Amino acid sequence: MNTNTANTNTNTNTPNPGPAVTNTESPGAAAPAVTRARAGTTAAGRLAALGRAELTLLVRNRTALFVALLMPVAMVGALRGTLGGMDLAGAGLSIQQALVTGGVGMVLILVVYLNLTSAFVARREELVLKRLRTGEVSDTEIIAGTALPAAALAIAQSALVVVAGVVVLGAEGPRRPELLVAGTVLGTVVMTALAAATSAITRTVESAQITTLPLFMVSAGGSGLFIPLDVLPDRVASVCELLPMTGVMRLVEAGVAVGAEAAQLTGAALNALAWTVISVFAVRRWFRWEPRR
């Protein structure tokens with residue numbers, strides 16, 4: 001009697017193993033798919049995707065495309081008229097070399113700084129930045145991915161400016177190409193960081209034309225874009241050495257024409273790095289990811 005009761009209790013408490021036995025799917029079968037999904041979302045892949053999307057938006061925006069492609073050419077034409085009446089012998093430059101140097105600077109200002117400031121503001125106001133932050137893309141990747149098309153376009157246009165200066169204007173080839181490349185790359189980084197920082201105080205895309213104007217004017221007159229620093233009075237030149245674009249333009253000028261001593265090159269590089277650090281700090285502190293309302 002007790003034996004039957006015990007058997008009855010045992011049968012009642014034992015779970016039915018049927019479903020577990022009939023499940024023939026291996027627990028690890030889905031692992032390769034998960035691994036492939038994770039492998040497809042590397043930092044490089046995310047940056048490439050953001051860059052492609054931003055390039056598509058840039059091509060569709062005729063105003064931004066005009067500023068990026070044609071404005072540097074127009075500004076170089078205006079620059080030629082400005083430099084025509086100057087004595088550049090004291091700066092160790094020919095007018096062709098000064099045009100090439102100023103052309104590279106204008107590309108960095110117009111294609112990177114002005115264009116990216118408007119782009120960051122537009123993406124913020126359209127809630128694009130806010131939506132991107134809900135995914136696995138980091139804040140740094142969002143800013144870098146947005147800047148990729150403008151940075152690539154600026155480097156390509158800078159190369160075209162140098163080639164056009166040699167072929168069309170008859171300028172000599174760059175004497176220190178490595179300094180020219182270093183100046184262009186550093187300038188792209190500095191202008192990207194400054195554009196992100198400027199977007200924090202820019203309420204709308206239209207107002208970006210106003211908030212970017214001070215840096216444009218100061219750089220054009222004091223950083224060597226329109227007027228070489230060596231032509232300016234010593235006291236004025238010493239103040240202009242501290243401007244955001246001055247270090248970059250010193251490196252570009254040294255690469256295109258005159259070269260420079262090691263101390264001057266080090267000071268120029270430190271100027272560019274210092275402004276990058278300042279701009280990155282400003283971005284981390286004040287950059288806005290949501291609309292200013």
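Model, not experiment: these values are computed from the prediction.
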Are [Y] and [X] connected into the same hydrophobic cluster when the rule is that any two of I, L, V, M, F, W, Y join if their side-chain heavy atoms are below 4.5 Å apart?
X      : Y      : answer
Leu99  : Met245 : yes
Val128 : Leu58  : yes
Leu215 : Val280 : no
Leu213 : Leu108 : yes

*If you measure only the distance, is there a donor-acceptor pair under 3.5 Å linking the side chains of Thr204 and Ser207?*
yes
*Thr198 and Tyr113: side chain donor to acceptor below 3.5 Å*: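 A donor-acceptor contact under 3.5 Å links the two side chains.
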*Please confirm whether the backbone N or O of Phe216 pairs with a side-chain atom of Ser219, one donor and one acceptor, at under 3.5 Å?*
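No, because the side chain of Ser219 does not come within donor-acceptor range (under 3.5 Å) of the backbone of Phe216.
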I'd like to check [X] versus [Y] (side-chain heavy atoms, cut-off strictly below 4.5 Å). Are they in contact?
X      : Y      : answer
Leu229 : Thr246 : yes
Val166 : Glu172 : no
Ile201 : Trp286 : no
Arg46  : Glu136 : yes
Ile155 : Val181 : no
Glu290 : Arg124 : no

Supply the atom-to-atom distance [X] [atom1] to [Y] [atom2], rounded to the nearest 0.5 angstrom.
X      : Y      : atom1 : atom2 : value
Met217 : Thr212 : CE    : OG1   : 11.5 Å
Ile95  : Gln97  : CD1   : CD    : 11.0 Å
Gln157 : Met106 : CD    : CE    : 11.5 Å
Thr140 : Ile143 : OG1   : CD1   : 6.5 Å
Leu179 : Leu251 : CG    : CG    : 6.5 Å
Leu265 : Arg250 : CG    : CZ    : 10.0 Å

*Where do Arg175 and Val256 land on the side-chain contact (heavy atoms from CB on, under 4.5 Å) test, with the steps shown first?*
CA-CA 6 Å; Arg175 297 181 181 180; Val256 170; over 6 Å; no
*asked:* Just to verify, what does Arg284 make a salt bridge (Lys or Arg N to Asp or Glu O under 4.0 Å) with, not counting sequence neighbours?
replied: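 Applying salt bridge (Lys or Arg N to Asp or Glu O under 4.0 Å) to Arg284 gives none.
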_Arg123 and Glu54 ion-paired at < 4.0 Å_ =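 Salt bridge present between Arg123 and Glu54.
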_For Arg131, is the CZ atom crowded, meaning more than 12 foreign heavy atoms sit under 6.0 Å from it?_
yes
Using a 3.5 Å cut-off and no angle test, enumerate the donor-acceptor pairs between side-chain atoms of residues 271-278 and protein atoms at least two apart in sequence or in another chain.
unit_1	atom_1	unit_2	atom_2	d
Asn271	OD1	Gly247	N	3.2
Asn271	ND2	Glu241	O	3.0
Asn271	ND2	Leu243	O	3.4
Trp275	NE1	Leu242	O	2.9
Thr276	OG1	Ala272	O	2.8

Closest contact, heavy atoms only, [X] versus [Y]:
X      : Y      : answer
Pro214 : Ile210 : CD-O, 3.2 Å
Glu253 : Pro228 : OE1-CB, 4.3 Å
Gly170 : Gln96  : C-CG, 4.4 Å
Cys240 : Leu232 : SG-CD1, 4.2 Å
Leu47  : Gly145 : CD2-N, 3.6 Å

Please report, to 0.1 Å, the donor-acceptor pairs under 3.5 Å made by any side chain of residues 183-197, with sequence neighbours excluded.
unit_1	atom_1	unit_2	atom_2	d
Thr184	OG1	Leu180	O	2.9
Thr188	OG1	Thr184	O	2.8
Thr192	OG1	Thr188	O	2.8

_ring-ring contact (aromatic ring centres under 6.0 Å, His included) against Trp289, all qualifying residues, sequence neighbours excluded_ = Phe287
*Given side-chain contact (heavy atoms from CB on, under 4.5 Å), test Ile109 with Leu225 step by step and report yes or no.*
CA-CA 10 Å; Ile109 288 283; Leu225 273 74; 4.0 Å; yes
*State which residues pass side-chain contact (heavy atoms from CB on, under 4.5 Å) with Ala154; sequence neighbours excluded, sorted by chain then number.*
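Applying side-chain contact (heavy atoms from CB on, under 4.5 Å) to Ala154 gives Val107, Val111, Val112.
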*Hey, what else clusters with Val121 if you join Ile, Leu, Val, Met, Phe, Trp, Tyr whenever side-chain heavy atoms sit under 4.5 Å?*
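Taking Ile, Leu, Val, Met, Phe, Trp and Tyr as members, Val121 shares its hydrophobic cluster with Val205.
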*asked:* Walk me through whether Leu55 and Leu148 qualify under side-chain contact (heavy atoms from CB on, under 4.5 Å).
replied: CA-CA 8 Å; Leu55 179 60; Leu148 271 179; over 6 Å; no
